[in-house]
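Counting starts at 1 for both ligands and their atoms, following the listed order. Keep in mind the model is a prediction, meaning the values are calculated, not measured.
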Amino acid sequence: MKKYLSLLFFSLLFLLACNPAEEKKLDIKETTTMTPAPYAIAIHGGAGTILKENITEEKEKAIRAVLDRALETGRKILEAGGASADAVEQTIMILENSPHFNAAKGAVFNYDGKNEMDASFMDGKTQNAGAIGGVSTIKNPIRLARAVLEKSDHVLLTGNGAETFAEEIGIEKVDPSYFRTESRWESLLRAKEKEAKSGFKFDQEPDFKYGTVGCAALDRKGNLAAGTSTGGMTNKRYNRIGDSPVIGAGTYANNATCAISSTGHGEYFMRYVVAYDIHARMAYGKESFQEAANTVIMKTLKDQGGSGGIIGVDKFGNVAMPFNTPGMYRGYAKPDEKKIFIYGETE
Ligand code: ASP
């Protein structure tokens, strides 16, 4: 009898040890809708210390309006049976053209006072991808990223080479002054001042890097696509390129699982191959999109000190948008549903 009792005791102990209490400890700030849909689109405008007390009502209204316009643009394409790739490109262009986000117009300044932009695009059906890094005259970097996918034999082009390719295929270029906004210029001055005083490095200051934009979409044919566009980090040096144009880190799409766009501290997203890791957990570990995305953002990344989040859509039209920063500009739309969030709110 005693033997059985101790067996029971140890079995109970074992079960308790296996219980995924870890899972419960995750401080999940996410707005997931695990309701399948014939099409779905999700967007972000960057993650970071986005707090209500730091944003005027007017600015919040303006940001919400752009996020709404971007979502509606993509939703209309998907509603009419258009391709997810078109929805992603058109949606991101709206965000790029707005001075409120750190992508194209409104991009942050690097150490030399220049705007240097990165972008990437991936097609979930073909696994084709295109990306560009360190461009400074391309009006809509996401268009060029998609053109690399469609019109070149390569995946990633950088700097002058990427600009030459753009000229050859007729992608719109602008004078570098087009990208300038006063608030980003002031951020650079503040970053430099901090650096001079305390040896500040851009990677220790979360407020100098949010605002990247991204989009993921599922169309009625079951095709997924994702894209990301950014100015990178304020005061970046040495032609630093972050995760945004790195396939598997900043962007990933695969019709077998999901489509993802990342935002946050790029160095960590590259090291932990964030977007691909979420896909792999689903593909090989049979995790749900929500589980996989939450674990990677709220555990893998957070435990290592990596800040940021992702937005994405899975092959069923479920949407996940976890982030481990105080806020993330984000939103999603499905046939009868649309939501936009800025802070840590979940409703
Ligand atoms: N991930 C981008 C980078 O590291 C920045 C961001 O998402 O805000 O370049």
Legend entry - Which segment of R240 sits under 4.0 Å of ligand 1 when only heavy atoms are counted: side chain
Inset, instruction - Is it possible for you to check whether R184 lies under 6.0 Å from the centre of the six-membered ring of F109, through NZ or CZ, and within 45° of that ring's axis? - result: no
Legend entry - Contact (N/O only, under 3.5 Å) between G264 and ligand 1: yes
Inset, instruction - Go through ligand 1 atom by atom and flag the ones less than 4.0 Å from a non-hydrogen atom of S244. - result: 1 (N), 2 (C)
Legend entry - Distance (rounded to the nearest 0.5 Å) between C258 SG and K315 NZ: 10.5 Å
Legend entry - contact_flag E267 ligand 1 heavy-atom lt 4.0 Å: no
Legend entry - Cation-pi geometry met for K338 and Y332 (6.0 Å, 45°): no
Legend entry - Test of proximity, G242 against ligand 1: N or O pairs below 3.5 Å: no
Inset, instruction - Under 4.0 Å from a heavy atom of G232: give me the atoms of ligand 1 that qualify, with their elements. - result: 9 (O)
Inset, instruction - Look at the aromatic rings of Y276 and H279 and report parallel, tilted or perpendicular, splitting at 30° and 60°. - result: tilted
Inset, instruction - Out of D243, T228, I241, indicate the one that has the non-hydrogen atom closest to atom 1 (N) of ligand 1. - result: D243
Inset, instruction - Check the pair I340, R330 against side chain to side chain contact (heavy atoms under 4.5 Å, CB included), reporting the backbone distance first and the verdict last. - result: CA-CA 6 Å; I340 290 169; R330 64 207 184 278; over 6 Å; no
Inset, instruction - Say whether D118, considering both its backbone and side-chain N or O atoms, lies within less than 3.5 Å of an N or O atom on ligand 1. - result: no
Inset, instruction - Report, in ascending order of atom number, the atoms of ligand 1 lying under 4.0 Å from any heavy atom of T263. - result: 6 (C), 7 (O), 8 (O)
Legend entry - Basic-acidic side-chain contact under 4.0 Å: K61, E57: no
Inset, instruction - Give yes or no for whether the N/O distance cutoff of 3.5 Å, strictly under, is met between T212 and ligand 1. - result: yes
Inset, instruction - Test the R240-Y238 pair against the cation-pi criterion, namely NZ or CZ under 6.0 angstrom from the six-membered ring centroid and within 45° of the ring axis. - result: no
Inset, instruction - Could you tell me whether ligand 1 has any atom less than 4.0 Å away from a heavy atom of G46? - result: no
Inset, instruction - Decide, yes or no, whether a salt bridge links R75 with E72 under the criterion of side-chain N to carboxylate O below 4.0 Å. - result: yes
